[in-house]
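Read the structure below first, then the notes.
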Amino acid sequence: MRRVLLLVALLTGATLAWLLLRDRPARPDLLLLAPHENVLAAFIDGELVRTTAVFDPGTLLGQSQTTEADRREGSLASGVLSRLDGQPPYAWLVGERPSFMLDVLEPADRELLVDLANGTDGPQSVEVVFNGATIARQDLPRSAKLVSITAAVPAALQRRGRNVVELRFARTEARQLLDEDRPLPLSGILRHVAFAPPGQTRAPLPRPPARAGIIQDTVEGRPASVLLLPPETEARGALQLPAAPRVTLRFSLDALAAPLEVSLLLDDGRVPLRTLEPGTPTPSDLEFDLSPWAGKPAVLSLWARAAPGGGELAARVSAAQLLVPQAWQAAHAPAERGGLPPPRRQPSFLVIVLDAFARRYAGRVVNGQLVTPALDALSANGVTFADATAPASYTLASIGSLLTGQAPLTHGVLSTVDGEGHVRRLAPDAPLLAAELRARGWHTAALLTNPNTGARHGFGAGFERYDELWTDADLFRPGRGVSGD
């Protein structure tokens, strides 16, 4: 009897289990997912966005925020920066429409304060234009006396990210500034800019913002990269999502003191994935399904909002990975992964620089032909940045920054020659991209067709091969061929 009861119980249990599981969809086993990419690496060269509170025009940080000059003026830059001993920094304003940029994380009613002076010996007036809308007009006295202009900037005029403030002057006056080799059309002198909630633009300067971005720390006793986000900070990192049947984002959240919005930025806008609230348990591993966007380039955004209780840390992310199915990873791995891979230090890469190329012609058809078919093919299979700003509006200074990672005033190649006729060269202590690459195992070579990239300015330092394909650096005569591989 006991055997019969035991058999009936077993059969009943098996039947119930079969009924419960027969129509249950198969759950992908997380153990079958393999790491594809370390997402934190994308934030190393990514972007941190905070609302600009104070703009110091005469500093290197201020220089990076100035934008291209009015092309009709033919000026070298929107501002020639000065920092005299014992005086606060300021910037000479060049051209009729010099401009600078302010970052906005979240639009809100704010106030803009601009302290400037007339840079000419005659009558002068200025319009302050925010994202194309005039917000103030002011006459400036003939003396170099500072004038404070305060204007309301409603949230409706602002946009997330870069906002452009343009100063439209009535006139310019040719002046020889600093050691420039030709007179520049001077319009004004900019001393200070503040962008803050109404009534707070004259408040004391804010303390330096809390440390943000990727740092090197210790996680579980081992050195590791960690992403720190203070309140009201957005971190963005570019990713190329793999074309796998399933793509999962998994990251480890060690601390959370403010709402954290996780989003993807795609060509057609922002796609919110989830907003994590401070009550989220930490530490914890979180997962996001990115499969709908597999195969697409995207920017991952982590936006820490204001912390309810204050504090300098909103979120701390200690790991982030893209995961794909193991079978797909194995099928799409390079062929040599079947055995020991050949010794390779790093992949090769190519930098192409086009001088004075109008971006509006990229991807365009003119006279029935694509203008840039090769570039179009590259951008279709890579990550494209629609908003990128050069450190200078002319080739010579920009190339110096490209090869050193420094602002033009730091690396020193601001013009072809200085006031005494000597050819300008990179500063002796400037870090050299080519030298850094060679030290890490890369072979380096450059093929140049523009004398503004010439080795006489020190640009060839660190390269194994630096071929100048022209016959006259001053007259830009036709170039010559290059031999070798």
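Note that the coordinates shown come from a computational prediction; the quantities given were computed from them, not determined experimentally.
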Evaluate side-chain hydrogen bond (donor to acceptor under 3.5 Å, both in side chains) for T416 paired with R424, printing each intermediate quantity in order.
CA-CA 6 Å; T416 305; R424 288 185 183 269; over 6 Å; no
Here the gap from I215 atom CD1 to L228 atom CG, rounded to the nearest 0.5 Å, amounts to 4.0 Å
Heavy-atom distance under 4.5 Å between the side chains of P297 and Q240, does that happen here?
yes
Report the distance from atom OG of S187 to atom CD of E173, rounding to the nearest 0.5 Å.
11.0 Å
Could you go step by step and tell me if T134 and E127 meet the side-chain hydrogen bond (donor to acceptor under 3.5 Å, both in side chains) rule?
CA-CA 7 Å; T134 299; E127 287 186 32; 3.1 Å; yes
Counting C-beta onward and ignoring hydrogens, is there a side-chain heavy-atom pair between L113 and H192 closer than 4.5 Å?
yes
Does one side chain, of Q406 or S401, offer a donor that lies under 3.5 Å from an acceptor on the other?
no
Sole candidate of R160, R50, R162 that passes side chain to side chain donor-acceptor pair (under 3.5 Å) when paired with D103
R162
Whether the side chain of Q124 engages the backbone of D139 through a donor-acceptor N/O pair (distance < 3.5 Å, no angle test) should be reported.
no
I'd like to know whether R110 forms a side-chain hydrogen bond (donor to acceptor under 3.5 Å, both in side chains) with Q158, so could you lay out the CA-CA distance, the side-chain angles of the two residues, the decisive distance to 0.1 Å, and finally the verdict.
CA-CA 9 Å; R110 291 184 172 89; Q158 302 167 36; 2.7 Å; yes
Examine distances only and state if a side-chain atom of T280 and a backbone atom of L276 form a donor-acceptor pair shorter than 3.5 Å.
no
Is F195 close to T201 at the side-chain level, that is, under 4.5 Å between some pair of heavy atoms?
no
Are the side chains of L190 and F100 in touch, meaning some heavy atoms are under 4.5 Å apart?
yes
Donor-acceptor pair between R202 and S148 side chains, under 3.5 angstrom:
yes
I'd like to know whether R137 forms a side-chain hydrogen bond (donor to acceptor under 3.5 Å, both in side chains) with S125, so could you lay out the CA-CA distance, the side-chain angles of the two residues, the decisive distance to 0.1 Å, and finally the verdict.
CA-CA 7 Å; R137 291 182 175 87; S125 63; over 6 Å; no
Test item: P185 and V94 side chains (from C-beta on) under 4.5 Å apart, heavy atoms:
yes
Expected output: side-chain S398 to main-chain Y394 donor-acceptor under 3.5 Å:
yes
Salt bridge (charged side-chain N to carboxylate O under 4.0 Å, His left out) assessment of R316 paired with D254:
CA-CA 5 Å; R316 173 186 160 104; D254 289 359; 3.5 Å; yes
Cation over ring, R438 on W442, under 6.0 Å and within 45°?
no
Any chance the rings of F251 and F288 have centres within less than 6.0 Å?
yes
Is there a side-chain contact between V147 and D115, using heavy atoms and a 4.5 Å cut-off?
no
Do T275 and V262 touch side chain to side chain, with heavy atoms closer than 4.5 Å?
no
Just by distance, no angles: are the side chains of S301 and R270 close enough, under 3.5 Å, to form a donor-acceptor pair?
yes
Using a strict 4.0 Å threshold on nitrogen-to-oxygen distance, state whether R159 and E106 make a salt bridge.
no
Quick one about R465 and T444 (side-chain donor to acceptor, distance below 3.5 Å, no hydrogens or angles considered), yes or no?
no
Does the side chain of H457 reach to within under 4.5 Å of the side chain of V423, using non-hydrogen atoms?
yes
